[in-house]
Amino acid sequence: MQLARVIGSVVSTQKSPSLLGKKLMVIEPVNADGSSPAGIFQQEVAVDSVGAGEGEIVLVARGASARWVFAEPNQAIDLAIVGIIDSFVP
(Lines give C-alpha, C1' and ligand atoms only; values in the text may rest on other atoms or scores of the structure.)
Protein backbone atom coordinates (compact mmCIF):
# COMPACT_ATOMS: atom_id res chain seq x y z
CA MET A 1 0.00 0.00 0.00
CA GLN A 2 0.99 3.59 -0.53
CA LEU A 3 -0.01 6.99 0.80
CA ALA A 4 -1.55 9.51 -1.60
CA ARG A 5 -3.48 12.77 -1.62
CA VAL A 6 -6.77 13.06 -3.50
CA ILE A 7 -6.46 16.06 -5.81
CA GLY A 8 -9.59 15.74 -7.93
CA SER A 9 -12.17 13.52 -9.53
CA VAL A 10 -12.78 12.08 -12.99
CA VAL A 11 -16.10 11.96 -14.83
CA SER A 12 -16.24 9.42 -17.65
CA THR A 13 -19.45 8.64 -19.50
CA GLN A 14 -17.83 5.94 -21.66
CA LYS A 15 -15.90 3.32 -19.68
CA SER A 16 -15.49 -0.38 -19.07
CA PRO A 17 -18.62 -2.01 -17.63
CA SER A 18 -16.56 -3.00 -14.58
CA LEU A 19 -16.24 0.72 -13.69
CA LEU A 20 -19.95 1.55 -13.90
CA GLY A 21 -21.20 3.09 -10.66
CA LYS A 22 -17.70 3.48 -9.22
CA LYS A 23 -16.21 6.86 -8.21
CA LEU A 24 -12.90 7.71 -9.91
CA MET A 25 -10.44 10.01 -8.11
CA VAL A 26 -7.16 11.64 -9.19
CA ILE A 27 -4.39 10.99 -6.66
CA GLU A 28 -0.72 11.85 -6.23
CA PRO A 29 1.78 10.08 -3.95
CA VAL A 30 2.81 11.69 -0.65
CA ASN A 31 5.29 11.02 2.15
CA ALA A 32 4.15 10.28 5.71
CA ASP A 33 4.38 14.00 6.53
CA GLY A 34 2.09 14.86 3.60
CA SER A 35 4.84 16.29 1.39
CA SER A 36 5.38 15.21 -2.20
CA PRO A 37 8.20 12.69 -2.68
CA ALA A 38 11.29 14.26 -4.31
CA GLY A 39 11.30 13.75 -8.05
CA ILE A 40 7.88 12.04 -8.15
CA PHE A 41 5.07 14.05 -9.70
CA GLN A 42 3.00 11.20 -11.06
CA GLN A 43 -0.75 11.60 -10.87
CA GLU A 44 -2.99 8.56 -11.28
CA VAL A 45 -6.65 7.65 -11.27
CA ALA A 46 -7.90 5.31 -8.52
CA VAL A 47 -11.29 3.74 -7.91
CA ASP A 48 -12.66 4.93 -4.56
CA SER A 49 -14.03 2.28 -2.18
CA VAL A 50 -14.30 4.44 0.97
CA GLY A 51 -15.88 7.77 0.00
CA ALA A 52 -12.70 9.86 -0.02
CA GLY A 53 -12.84 13.55 -0.83
CA GLU A 54 -10.53 16.07 -2.42
CA GLY A 55 -7.58 17.04 -0.20
CA GLU A 56 -7.70 13.89 1.96
CA ILE A 57 -4.69 11.65 2.50
CA VAL A 58 -5.58 8.06 1.60
CA LEU A 59 -4.19 4.53 1.43
CA VAL A 60 -4.09 3.00 -2.04
CA ALA A 61 -3.65 -0.61 -3.14
CA ARG A 62 -2.46 -1.74 -6.58
CA GLY A 63 -2.93 -4.68 -8.91
CA ALA A 64 -4.68 -7.82 -7.74
CA SER A 65 -5.04 -6.38 -4.23
CA ALA A 66 -7.05 -3.47 -5.67
CA ARG A 67 -9.34 -5.83 -7.61
CA TRP A 68 -10.17 -7.86 -4.47
CA VAL A 69 -11.68 -4.74 -2.84
CA PHE A 70 -14.67 -4.81 -5.19
CA ALA A 71 -17.19 -7.49 -6.03
CA GLU A 72 -17.24 -8.74 -9.61
CA PRO A 73 -16.92 -7.39 -12.23
CA ASN A 74 -13.59 -5.70 -11.54
CA GLN A 75 -11.37 -6.39 -14.55
CA ALA A 76 -10.45 -2.75 -15.27
CA ILE A 77 -9.39 -1.91 -11.69
CA ASP A 78 -5.65 -1.58 -11.06
CA LEU A 79 -5.56 1.08 -8.33
CA ALA A 80 -8.04 1.48 -5.47
CA ILE A 81 -8.43 3.84 -2.53
CA VAL A 82 -8.85 1.51 0.45
CA GLY A 83 -8.59 3.84 3.45
CA ILE A 84 -8.67 7.46 4.61
CA ILE A 85 -5.83 8.55 6.92
CA ASP A 86 -6.97 10.31 10.08
CA SER A 87 -3.52 10.90 11.60
CA PHE A 88 0.15 9.91 11.38
CA VAL A 89 2.35 8.67 14.22
CA PRO A 90 6.02 8.95 13.16
Exercise. Which heavy-atom pair separates P29 from P37 by the least distance, and what is that distance?
Worked result: O-CD, 3.3 Å

Exercise. For the side chain of K23 and the backbone of A52, is there at least one donor-acceptor N/O pair under 3.5 Å apart?
Worked result: yes

Problem set entry | side chain to side chain donor-acceptor pair (under 3.5 Å) partners of D33, counting only residues at least two apart | S35

For this session: Verify, without hydrogens or angle tests, whether R67 (side chain) and I77 (backbone) share a donor-acceptor contact under 3.5 angstrom.
Result: yes

Seminar exercise, completed: Checking L59, D48, V47 against V82 for side chain to side chain contact (heavy atoms under 4.5 Å, CB included), the one that qualifies is L59

Problem set entry | L3 side, atom CG; N31 side, atom CG - distance, nearest 0.5 Å | 8.5 Å

For this session: With rounding to the nearest 0.5 Å, note down the distance linking CD in E44 to CD1 in I7.
Result: 10.5 Å

Seminar exercise, completed: Apart from I84 itself, its cluster of hydrophobic side chains linked below 4.5 Å comprises V6, M25, I27, V50, V58, V60, L79, I81

Problem set entry | Expected output: side-chain S16 to main-chain A76 donor-acceptor under 3.5 Å | no

For this session: Check which hydrophobic residues are tied to V11 through side-chain heavy-atom contacts below 4.5 Å, counting indirect links as well, and list them.
Result: none

Exercise. Hey, quick one: are M1 and F70 part of the same hydrophobic cluster, counting side-chain heavy atoms closer than 4.5 Å, chains of contacts allowed?
Worked result: yes

Exercise. Rounded to the nearest 0.5 Å, what separation is found between the CD atom of E28 and the CD atom of Q42?
Worked result: 11.0 Å

Exercise. Does the side chain of E56 come within less than 4.5 Å of I85's, by heavy atoms?
Worked result: no

For this session: Quick one: do R62 and Q2 satisfy side-chain hydrogen bond (donor to acceptor under 3.5 Å, both in side chains)? Show the steps, please.
Result: CA-CA 9 Å; R62 295 182 180 278; Q2 293 178 302; 2.9 Å; yes

Exercise. Between atom CZ of R5 and atom OG of S36, what is the distance when rounded to the nearest 0.5 Å?
Worked result: 6.0 Å

